[in-house]
Asker: 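Dropping the structure in here first, questions after.
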Amino acid sequence: MAGKGRGVAAFSFNIDALGIGRGSMPESRVGPNPLFPNTDFKPVPLKAGEDEDYMLALKQEMRGTMQRLPHNIKPHYNKSEVERYTERYLKQRQIEDEEWTPDWNLFPKELMPQKKRPRVKADTKKKTVKISHKDTEEMLSKLDELAKKDDGNPEKSDDETEKKTEGKENEEEDVEEEEYDEEDIEEENDYIDNYFDNGEDFEAGSDENMDGEATY
Amino acid sequence: MTAQEVRLCGLLLREHYGEVVEKVGTHLLRSGAQNLRTIVHETGMPLDLVKKCLCVLVQHGACVFSLGRKGPGSPTEYQTSCSQILTILRYPRYIYTAKTLYGDTGELIVEELLQRGHMTMSSTVKTVADRLTQNMEDGRSMDYSEVSSSFSKLVETHFLQRCPPLPGAGTTDSTTPAAPSFSDCYKVPHVTLCGRGKRQLSSEDGEDQRNAKKAKLDSDTHGDEGIYWQVNFERFHLHFRDQAIISAVANKLDQTSSEIVRTMLRMSEVTTSPIATCTKPLSANEIFRSLPSNYNIARPILDQYLTLLVDDPMEFVGKAGESGGGMYVVNLHRALANLARATLESVVQERFGSRSARIFRLLLRKRHLEQKQVEDFAMIPAKEAKDMLYTLLSQNLAQLQEIPKTPDYAPSRTFYLYTVNQLPTARMLLQNCFKTVANLIDRRLFEAKENKRLLEKSQRIEAILASLQASGAEPEQLTEVEEMITAPEKQQLEGLRLHINKLDSAENQVDETIFLLESYINSTISVY
């Protein structure tokens with residue numbers, strides 16, 4: 001910072017040697033460049049002709065078609081009532097093969113969808129659907145039955161009732177519900193539920209009681 | 001993979017394959033080659049969705065998989081590259097070129113292959129025949145053999161090529177052959193395909209069932225199972241490059257010269273390799289014989305034209321010898337460099353004015369100039385010249401080169417020379433083009449999202465109108481339905497449509513500049 005003090009704009013060397021005078025300096029910056037600066041020169045208009053129009057139509061058509069092909073993967077989301085209404089009125093050009101399967105000779109084997117696991121999940125999902133359509137009164141009566149059975153753990157059945165009345169959004173709760181219902185509906189054997197201790201009761205009970213005690 | 005390229009690729013993937021594929025694709029672009037487990041872990045998406053996305057990407061050639069780097073037994077790795085995804089911008093141009101060269105049949109073949117990634121010949125022929133039959137009048141249908149012959153023509157001229165075979169599991173080493181270099185690449189398989197296109201009859205279910213039964217019988221092997229075809233983008237690019245050179249000659253000189261250059265390029269299509277600097281030498285006698293018949297120019301006139309082409313400063317055509325009446329070549333790389341230079345100059349002109357463009361051209365030709373020399377040569381007063389030079393400098397279009405007289409780089413004893421380097425400037429402008437297209441797409445999506453309710457309403461009303469018309473309704477009902485859209489809404493819709501068309505058209509045209517700059521940059525990468 002030589003030259004600072006008396007003459008602020010003094011240079012450390014002889015400015016005349018460069019051939020420029022003090023007055024011909026460009027303006028000093030006062031801040032960052034504006035985000036949308038004024039353009040003195042407007043852009044040239046687009047080419048307009050038959051070829052361009054045809055290519056424009058091709059582009060828009062191709063975009064529309066590719067969005068309807070099975071290659072276009074849509075994220076999992078719940079279709080609400082509104083979606084079905086628009087789908088009913090929108091005429092869509094149906095592409096025949098909705099399910100596209102690639103030729104596995106050209107693809108690595110690990111990309112093949114696993115067929116075993118989704119079956120279990122599909123079963124449980126079907127059961128959630130069934131549950132959501134069931135009558136709530138049936139549910140409540142079943143809960144009463146269960147409450148009578150579970151004399152040993154009144155707190156657990158209270159928790160279950162709360163969870164069931166909350167709603168079926170949480171999948172974990174759904175799974176718990178189904179397991180409970182499964183045991184109700186399908187196991188027609190001599191085992192009484194009370195005797196089967198799958199460890200859930202233990203944890204639920206201990207969670208309730210151990211407010212102040214230390215955990216090891 | 002620059003940030004702008006990745007952003008543009010993400011937008012293109014989103015528009016064509018959905019947001020899920022976009023997420024997986026951009027993740028792969030940013031992180032290089034990865035195996036399946038890592039992708040699942042890092043994107044946080046469910047396994048089956050990631051598998052589907054990878055299938056889609058591999059199908060369309062955007063992603064390649066290879067054996068793991070840690071040797072056999074390690075999981076396969078997937079890698080995406082920007083260049084394949086960026087060709088999506090050019091799909092309309094490919095389809096239009098196929099239409100001009102091979103008619104509607106060629107157009108539909110290329111369109112189907114672009115949409116599906118890769119397909120067998122028989123399925124392509126069947127689908128295209130069905131589509132053509134739909135658009136024909138009642139009672140006529142398209143024969144498979146016509147479509148097959150168009151397909152064969154496309155393969156012979158190398159616009160379509162076979163997909164490379166899967167690298168053998170564990171047996172081959174890492175040097176798998178590049179796509180066009182295996183032997184059967186352009187061999188049309190012997191396909192037993194006879195029949196005609198089927199019209200889709202939506203109202204008659206009985207016939208549909210019969211057709212469905214027939215389709216099942218036909219879908220047995222046609223002799224070409226496992227042979228998949230894809231579009232050969234490189235060949236299309238060579239064609240575009242030739243077209244650019246021909247139109248440049250037509251603009252600079254005249255129609256006849258461009259016809260001569262077109263003839264020369266056509267004759268050397270098969271003998272020139274894609275990375276050649278110039279075509280093989282052609283003698284003037286050969287050119288004279290191969291000129292199209294409607295161009296009746298005399299032999300001495302042809303010689304004069306060729307001399308003019310050789311003397312032209314753009315150096316499209318060069319003379320390589322004297323035998324056979326003069327041996328002439330088309331200088332491909334030099335032509336591309338000149339075209340890129342013209343693009344750069346026009347960009348500067350449109351952005352900063354014609355005087356800045358004059359300074360830019362001066363610096364391109366004279367390489368290094370001092371500030372005083374710039375003012376003198378460009379004949380622009382000192383103050384304005386300084387301003388313009390500083391603007392060019394701040395935009396990175398010009399660079400400053402310091403040449404010291406003394407080892408201590410003292411400013412009073414150093415020469416400061418302004419210079420313009422064509423190649424780095426072209427690269428910078430190419431990135432600007434990518435950013436431009438990404439901005440255009442963004443804006444178009446924004447406009448569509450803003451007016452989503454209006455667009456959906458208009459779509460619904462169109463659908464209702466179409467169904468009413470199909471079932472034969474009276475005009476009053478139709479007008480009643482049409483009036484469901486109010487007049488200001490119609491105006492808004494019109495304006496929206498205009499905006500979206502403009503943005504789309506702009507994307508197509510920026511892509512032409514992208515192609516030119518990319519070809520130039522690729523031509524400078526020497527392959528030894």
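We name chains A, B, ... by the order of the sequence lines, and we start the count at 1 in each one.
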Asker: Taking side-chain contact (heavy atoms from CB on, under 4.5 Å) as the definition, give me every residue that meets it alongside B:Q79, ordered by chain and number, with sequence neighbours left out.
Answerer: B:A33, B:V64
Asker: Could you check whether A:K47 pairs with B:E512 (Lys NZ or Arg NE/NH1/NH2 to Asp/Glu carboxylate O, under 4.0 Å)?
Answerer: yes
Asker: For the residue pair B:S505 and A:L46, what are the closest heavy atoms and their distance?
Answerer: CB-CD1, 4.2 Å
Asker: Under the side-chain hydrogen bond (donor to acceptor under 3.5 Å, both in side chains) rule, collect the residues that match up with B:Y91, sequence neighbours excluded.
Answerer: none
Asker: CD of B:E112 to OG1 of A:T65: how many Å apart, nearest 0.5 Å?
Answerer: 9.0 Å
Asker: How about B:K99: does its NZ atom have over 12 heavy atoms from other parts shown lying under 6.0 Å from it?
Answerer: yes
Asker: Show the nearest heavy-atom pair for residues B:P92 and A:K59, with the distance to one decimal.
Answerer: CG-CB, 3.6 Å
Asker: Less than 3.5 Å apart, any donor N or O on the side chain of A:Q60 or B:D504 sitting next to an acceptor on the other?
Answerer: yes
Asker: Which region of A:D53, side chain (C-beta onward) or backbone (N, CA, C, O), has a non-hydrogen atom less than 4.5 Å from a non-hydrogen atom of chain B, or is it both or neither?
Answerer: neither
Asker: Going by heavy atoms in the side chains, are A:M66 and B:Q115 under 4.5 Å from each other?
Answerer: yes
Asker: Need one label for B:E111: side chain, backbone, both or neither, based on atoms under 4.5 Å from any heavy atom in chain A.
Answerer: both
Asker: Just wondering, are more than 12 heavy atoms of other shown residues or ligands nearer than 6.0 Å to NZ in B:K405?
Answerer: yes
Asker: Got a second to check how far A:L56's CG is from B:N508's CG, nearest 0.5 Å?
Answerer: 6.5 Å
Asker: Please classify the contact between B:R444 and chain A as side chain, backbone, both or neither, with a heavy-atom cut-off of under 4.5 Å.
Answerer: side chain
Asker: Does any backbone or side-chain atom of B:K23 lie under 4.5 Å from a heavy atom of chain A? Answer side chain, backbone, both or neither.
Answerer: neither
Asker: Between A:M55 and B:I95, is a side-chain contact (heavy atoms from CB on, under 4.5 Å) present by the stated rule, with each step listed?
Answerer: CA-CA 8 Å; A:M55 283 207 268; B:I95 301 173; over 6 Å; no
Asker: Do A:Y54 and B:Y96 make the cut of ring centroids closer than 6.0 angstrom?
Answerer: yes
Asker: What pair of heavy atoms forms the shortest contact from B:R351 to A:F41, and how long is it?
Answerer: O-CD1, 3.1 Å
Asker: With a 4.5 angstrom heavy-atom cut-off, which part of B:Y78 approaches chain A: side chain, backbone, both or neither?
Answerer: side chain
Asker: Nearest 0.5 angstrom please: A:D51 CG to B:R93 CZ, how far?
Answerer: 10.5 Å
Asker: Run the numbers on A:K42 and B:E350 for salt bridge (Lys or Arg N to Asp or Glu O under 4.0 Å), then give the verdict.
Answerer: CA-CA 8 Å; A:K42 299 298 170 207; B:E350 293 305 326; over 6 Å; no
